[in-house]
Amino acid sequence: MNKNLRGVMVAALTALWLWSGATVALAGPIAGEIVAWGGNGFGQINVPAGDDFVAVSAGIAHGLALRSDGSLVAWGLNSDGQIIVPAGNDYVAIAGGGLHSLALRSNGSLVGWGSKSRGQINVPAGNDYIAIAGGGMNFSLALRTNGSIAAWGNNDFGALNVPAGNLFVAIAAGGGHGLALRSDGTLAGWGLNVSGQINVPAGTDYVAISGGSSFSLALRSNGTIAGWGVLPVDPAVPGS
């Protein structure tokens with residue numbers, strides 16, 4: 001794995017996925033405890049105890065975590081079996097979709113569970129995958145070792161119409177849109193665009209991405225954050 005790709009994966013570990021997305025653990029992160037806050041209508045912030053977790057990801061109302069031994073744990077809403085994690089201790093990445101979950105094995109193959117209403121857990125065959133992302137509107141994305149993107153599930157909003165090419169080093173899924181980061185630091189967006197969430201900003205200095213329900217975020221190499229689409233309104237801030 002090249003240095004730039006490994007760096008992007010490490011950066012992904014620090015991201016808060018505001019709707020859903022991929023979290024990877026391929027570069028030896030330090031294990032620790034999980035902290036959660038916000039709405040708890042389905043127990044989604046009742047995180048498991050322990051200090052051996054190396055990655056987390058969130059769906060609409062469920063959480064996923066990856067332990068340092070490669071096993072999985074999940075909690076929160078279980079309407080479609082999205083927290084019934086598969087057995088095994090060979091997992092290296094996790095992603096929470098709307099009502100579904102995804103995991104990447106150390107051999108590069110994929111696993112999906114939870115809602116299958118639109119085929120979002122019908123993962124493609126192969127063992128050449130290095131990152132995953134779950135969309136809120138019943139779709140899934142995966143990044144291959146050759147830098148190309150695979151997509152499956154619901155395509156009502158074009159979320160499966162991934163950009164061509166093999167220069168991608170990171171992916172993210174929002175509510176109904178996808179994002180990708182190229183090796184040259186530029187961004188691509190596709191899918192639902194009612195709020196401008198795929199109108200990616202220009203520039204070649206981006207190092208990490210995240211998709212919200214109707215907005216998008218990117219981290220620049222200088223440590224600043226770019227946001228576009230309809231951003232959340234803070235009721236505590238007058239005029240926001």
Exercise. Heavy atoms, side chains only, cut-off 4.5 Å: are Ser221 and Tyr206 in contact?
Worked result: no

For this session: Keeping the roles fixed (side chain from Gln44, backbone from Gly39), state whether a donor-acceptor pair exists under 3.5 Å.
Result: yes

Problem set entry | Side-chain touch Leu72/Ile94, heavy atoms, less than 4.5 angstrom | yes

Problem set entry | Over all atoms of both residues, closest heavy-atom pair of Gly189 and Ile198 | C-CB, 3.7 Å

Problem set entry | Close side-chain approach of Leu217 and Trp228, heavy atoms under 4.5 Å | no

Exercise. Which atoms form the tightest heavy-atom contact between Ser214 and Ser195, and what is the distance?
Worked result: O-CB, 3.6 Å

Exercise. Ignoring hydrogens and geometry, is there a side-chain-to-backbone donor-acceptor pair from Trp75 to Ile83 under 3.5 Å?
Worked result: no

Problem set entry | Arg220 vs Ile225, side-chain contact (heavy atoms from CB on, under 4.5 Å): CA-CA, chis, key distance, verdict | CA-CA 6 Å; Arg220 296 187 179 96; Ile225 300 171; over 6 Å; no

Exercise. Which distance, rounded to the nearest 0.5 Å, do you find between the CZ of Phe139 and the CG of Asn155?
Worked result: 9.5 Å

Exercise. Rounded to the nearest 0.5 Å, how far does OH of Tyr91 lie from CG of Asp69?
Worked result: 12.0 Å

Exercise. Would Val73 end up clustered with Leu99 when hydrophobic side chains under 4.5 Å apart are linked, directly or stepwise?
Worked result: no

Seminar exercise, completed: To the nearest 0.5 Å, atom CD1 of Ile45 lies from atom CG of Asn40 at 4.0 Å

Return all side-chain donor-acceptor pairs below 3.5 angstrom for residues 162-176, not counting sequence neighbours, or 'none' if the list is empty.
none

Exercise. How many angstroms lie between atom CG of Asn193 and atom NE2 of His177, to the nearest 0.5 angstrom?
Worked result: 8.5 Å

Problem set entry | Atom of Gln120, atom of Ser140 and distance for their closest heavy-atom approach | O-OG, 2.7 Å

Problem set entry | Ile121 and Ser115, any side-chain heavy atoms less than 4.5 Å apart | no

Problem set entry | Audit row: Asn138, Arg118, side-chain hydrogen bond (donor to acceptor under 3.5 Å, both in side chains) steps and yes/no | CA-CA 6 Å; Asn138 306 316; Arg118 301 300 298 273; over 6 Å; no

Exercise. Which heavy-atom pair separates Ala218 from Ile209 by the least distance, and what is that distance?
Worked result: CB-CG2, 4.2 Å

For this session: Search all heavy atoms of Ala133 against all heavy atoms of Ala95 and return the closest pair with its distance.
Result: CA-CB, 3.9 Å

Exercise. Honestly curious: do Trp113 and Leu77 fall in one hydrophobic cluster under the side-chain, below-4.5 Å linking rule?
Worked result: no

Problem set entry | Lys116 bridged to Asp80 by N-O distance under 4.0 Å | no

Please table the atom pairs, donor to acceptor, closer than 3.5 Å between any side-chain atom in residues 60-67 and protein atoms at least two apart or in another chain.
from, atom 1, to, atom 2, distance (Å)
His62, NE2, Ser101, OG, 2.9

Problem set entry | Nearest-0.5 Å distance that lies between atom OG in Ser109 and atom CG in Asp90 | 7.0 Å

For this session: Nearest 0.5 Å please: distance from the OH atom of Tyr129 over to the CG atom of Asn146.
Result: 9.5 Å

For this session: Could you give me the CA-CA distance, side-chain angles and deciding distance for Phe157 and Met137, then say whether side-chain contact (heavy atoms from CB on, under 4.5 Å) is met?
Result: CA-CA 9 Å; Phe157 306 103; Met137 294 183 180; 3.6 Å; yes

Exercise. If you look at every heavy atom in Ala151 and Ala159, which pair is closest and at what distance?
Worked result: CB-O, 4.4 Å

